[in-house]
A.B. asks: 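Provided herewith is a single structure, encoded as structure tokens, for subsequent inquiry.
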Amino acid sequence: MHAAKQIHERLLAQIEDANYRYYVLDDPSIPDSEYDHLLREIERLEQAHPELATPDSPTRRVGHAVQASFGKVKHRIAMLSLANAFSDEEVADFLHRIANTVPPEQLEFSCEPKLDGLAISLRYEDGRLVQAATRGDGEEGEDVTVNIRTIRCIPLKLRGQPYPKVLEVRGEVYMPRRGFEIYNHRALQRNEKTLANPRNGAAGSLRQLDPKITASRPLSFYAYAIGETEGMAMPGTHTEILAMLRAWGLPVSAEVKTVLGLQAVLEYYRGMLQRRDGLAYDIDGVVYKLDSISWQNELGFVSRAPRWAIAHKFPALEQATTVLAIDVQVGRTGAITPVARLQPVNVAGVTVTNATLHNADQIARLGVRVGDRVIVRRAGDVIPEVVRVMLQERPKDARGEPLNPDFEMPVKCPVCGSDISREEGESASRCTGGLYCDAQRKQAIIHFASRKAMDIAGLGERIIDDLVSYDYVHHVADLYALDIETLQEMRRRSQAEPGQQDIGPIKNEASKWAENLLTGIAASKKTRLDRFIYALGIRDVGEATAKTLARQFGDLPALMQADEQRLLRIPDVGPIVARRIAAFFAQTHNREVIDGLLKAGVHWPVNEAKAEADGPLSGQTFVLTGSLMAFTREQAGEKLEALGAKIASSVSKKTSVLVAGEDAGSKLAKARALNVRVWSEQDLLDFLAEHGAGA
DNA sequence: TGGCCTCGAGTTCA
DNA sequence: CTCGAGGCCA
């Protein structure tokens, strides 16, 4: 009996410590698997000895039945809102007003990110979480205790240090971006409703009457202030208060900084704005709080907001705009992608005019129609997306029927007129025109010329567009037959098109451009087999597969003669890819083009029998991310490959080392989560130098 | 058969 | 960078 209790206490201490390290110190001490194991152990003990299962046991986070409604909670100290500043001038005014009272050397501000979530008040009595309430109107909020208990990073019990008898902690409940994405991804797969954005996700999750639903949502919390306290004197500055909260086991943002004066707060603002996309959560601005509590009290409040704090807002990540049209694009493989043409709108600093709608399913999911008002969002990644339709603003006729019709996938390719078909089980619709389709031919040539393929300098999309449109280039082998006269003729025709400026550009300039292109084309003749295979654009044969094929077959004829059976024996090649490759080389047309390329002088070193099996890194998988200083990721990858390493594109638990340069993003986070070894660029350089392969 | 782990394809703007 | 889907292993 006693023994069980002791073990239970020890396990509790371990799990509380793990929580603290993970959520407050951001320094995971044990892997997830071990955490789960601990939790299961505790559960097992509590089942055998039910008297051990106290309300603040970590197994009891979801220990409550569905409620009928939320009770009301009066805030003993009102939860106020903050005044907003939208420009540097407004921030300057704010500081000047304070400077009337506070001497300049004491204009110290605690700066913190303003999370886009839901303000919450947590009440601890004798160190135990007894109540949690929403802000509500500031005077009275809703009792969401059972839901708040399900949020793992909120301690049910304060940690060791002496703490006040009553402590009210205020902070923000939010949904991290990653969690939001994973949640929506799963919801989609299960045909459940998705969350519109992380903010709504956080707010909606807390208002669930069934705490089990809340528990299934990826919620998190940062503390940023205290409310009522009793039984202990609190420190004299906001910075110190935050440090105490942290010591009591409450997560506080690691971005909080204390700075002096106007220039410094504005610098903080700009720094955060720059790093905004890289943060794990959405923020809509930063907050400056005068650090000295006694000066705070001196300044007091105006109506409903403190005079000593202000929120400095960022430009919005979401904007409303109108869908002008829904066009479709044809990709290299014939994939038909619908694109929303938008009324240009500035979203967080960039003008957005296009947004992909991916496929018919996505359009159906959004229910978007031409003429709709939509919300466009530019989050974590740079690529904007249509988040949702503002249905109430859809134009309607007198009977209330929508005026604009549903979007329908075209049946014929808009470029070549061939049939468009959608394979069973595929989400993409495809033009069946193949290389008969100009759009696909253009894309095939763009792919052929691209950096990772033949790397033809001077051959951009615009030029390829003209080359194909005027039919100077029908397939990639034609590129090698181009001469300067042809290029100049094409240039003349393209400039004579309506809408272009007058003709007669300086002749020399035109020939310079053509010469550069021809040099680029000539230089590309010397290549490598894997690049050549990749450049052919066989479906499902990308960089990695092309490399494997080049290594396994040594030279092109062997690959061209291989039948499906032979191809299936190649690692990473399964039935589908084998069929694609065999079918590609079976086409007379493709063989002719390859023949043409070889006759034009395209060549590569054959069978450079790389003895890579015995490098110092053989058997290890490397992933590169972020930007490196000494060389590009590709160059670094080649050096590592020369030492026997395999370069992969994404991090998993099989990854041996992640090399992280500057501004590494989600891959670094994932590597940390999976306990994968991380090297800095310096580590890499040291290693290379040690093995005689310096930069 | 299901559940990873990868790779391939598509994508926006300055 | 993210999503979808092909390949591989249990």
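Lettering of chains follows the sequences in order, A, B, ..., and the numbering in each one begins at 1.
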A.B. asks: Could you tell me how far apart A/Ile576 (CD1) and C/dG6 (P) are, to the nearest whole angstrom?
C.D. replies: 4 Å
A.B. asks: Measure the distance from CG on A/Leu357 to P on C/dT2 and round it to the nearest whole Å.
C.D. replies: 19 Å
A.B. asks: Verify the contact: side-chain N or O of A/Lys653 to OP1 or OP2 of B/dC4, cut-off strictly under 4.0 Å; return yes or no.
C.D. replies: no
A.B. asks: In whole angstroms, how far is the P atom of C/dG7 from the CG atom of A/Asp540?
C.D. replies: 7 Å
A.B. asks: Mind checking if A/Ala428 touches a base, just sugar-phosphate, or nothing, with heavy atoms under 4.0 Å?
C.D. replies: nothing
A.B. asks: Here's a test of your reading of the structure: between A/Ala544 and A/Ile336, which maps to the more 5' nucleotide of DNA chain B?
C.D. replies: A/Ala544
A.B. asks: Taking only N and O in the side chain of A/Arg332, is any of them less than 4.0 Å away from OP1 or OP2 of B/dA9?
C.D. replies: yes
A.B. asks: Looking at A/Thr333, does any N or O in its side chain come under 4.0 Å of the phosphate oxygens OP1/OP2 on B/dG8?
C.D. replies: no
A.B. asks: Just wondering, more than 12 heavy atoms not from A/Glu267 lying within 6.0 Å of its CD?
C.D. replies: no
A.B. asks: Looking at B/dC7, I'd like to know if its phosphate oxygens (OP1 or OP2) sit under 4.0 Å from a side-chain N or O belonging to A/Ser650.
C.D. replies: no
A.B. asks: Under a 4.5 Å cut-off applied to non-hydrogen side-chain atoms, are A/Ile375 and A/Met390 in contact?
C.D. replies: yes
A.B. asks: Would you indicate which nucleotide in B/dC13, B/dG8, B/dT12 comes nearest to any side-chain atom of A/Val339?
C.D. replies: B/dT12
A.B. asks: Would you tell me if any nitrogen or oxygen in the side chain of A/Gln329 comes within less than 4.0 Å of OP1 or OP2 on B/dG10?
C.D. replies: no
A.B. asks: On a heavy-atom basis, which atom in A/Val678 and which in A/Ala660 lie closest, and how many Å separate them?
C.D. replies: CG1-CB, 4.0 Å
A.B. asks: Between atom CG in A/Asp530 and atom C1' in B/dC7, what is the gap in whole Å?
C.D. replies: 16 Å
A.B. asks: Does the pair A/Asp327/A/Arg341 count as a salt bridge with the N-to-O cut at 4.0 Å?
C.D. replies: yes
A.B. asks: Considering all heavy atoms of both residues, which atom of A/Gly367 and which atom of A/Asp372 are nearest to each other, and what is their separation?
C.D. replies: O-OD2, 3.9 Å
A.B. asks: Is any side-chain N or O of A/Thr351 closer than 4.0 Å to OP1 or OP2 of B/dC13?
C.D. replies: no
A.B. asks: Separation of A/Gln362 atom CD from B/dA9 atom P, in whole Å?
C.D. replies: 21 Å
A.B. asks: Rounded to the nearest Å, what distance is computed from the CD1 atom of residue A/Ile647 to the C1' atom of nucleotide B/dC7?
C.D. replies: 15 Å
A.B. asks: Under 4.0 Å, heavy atoms only, any strand: does A/Lys646 hit a base, just the sugar-phosphate, or nothing?
C.D. replies: sugar-phosphate
A.B. asks: Tell me whether the side-chain N/O atoms of A/Asn354 come closer than 4.0 Å to OP1 or OP2 in B/dT11.
C.D. replies: no
A.B. asks: To the nearest Å, give me how far apart NE2 (A/His358) and C1' (B/dT12) are.
C.D. replies: 12 Å
A.B. asks: Starting at atom CZ of A/Arg539, determine the distance to atom P of B/dG10, rounded to an integer number of angstrom.
C.D. replies: 9 Å
A.B. asks: Give the nucleotide from the list C/dG7, C/dC1, B/dG8 with an atom nearest to the side chain of A/Thr625.
C.D. replies: C/dC1
A.B. asks: State whether A/Ser649 places a side-chain N or O below 4.0 Å from either non-bridging phosphate oxygen (OP1 or OP2) of B/dG8.
C.D. replies: no
A.B. asks: Quick one: do A/Asp361 and A/Arg422 make a salt bridge, cutoff under 4.0 Å?
C.D. replies: yes
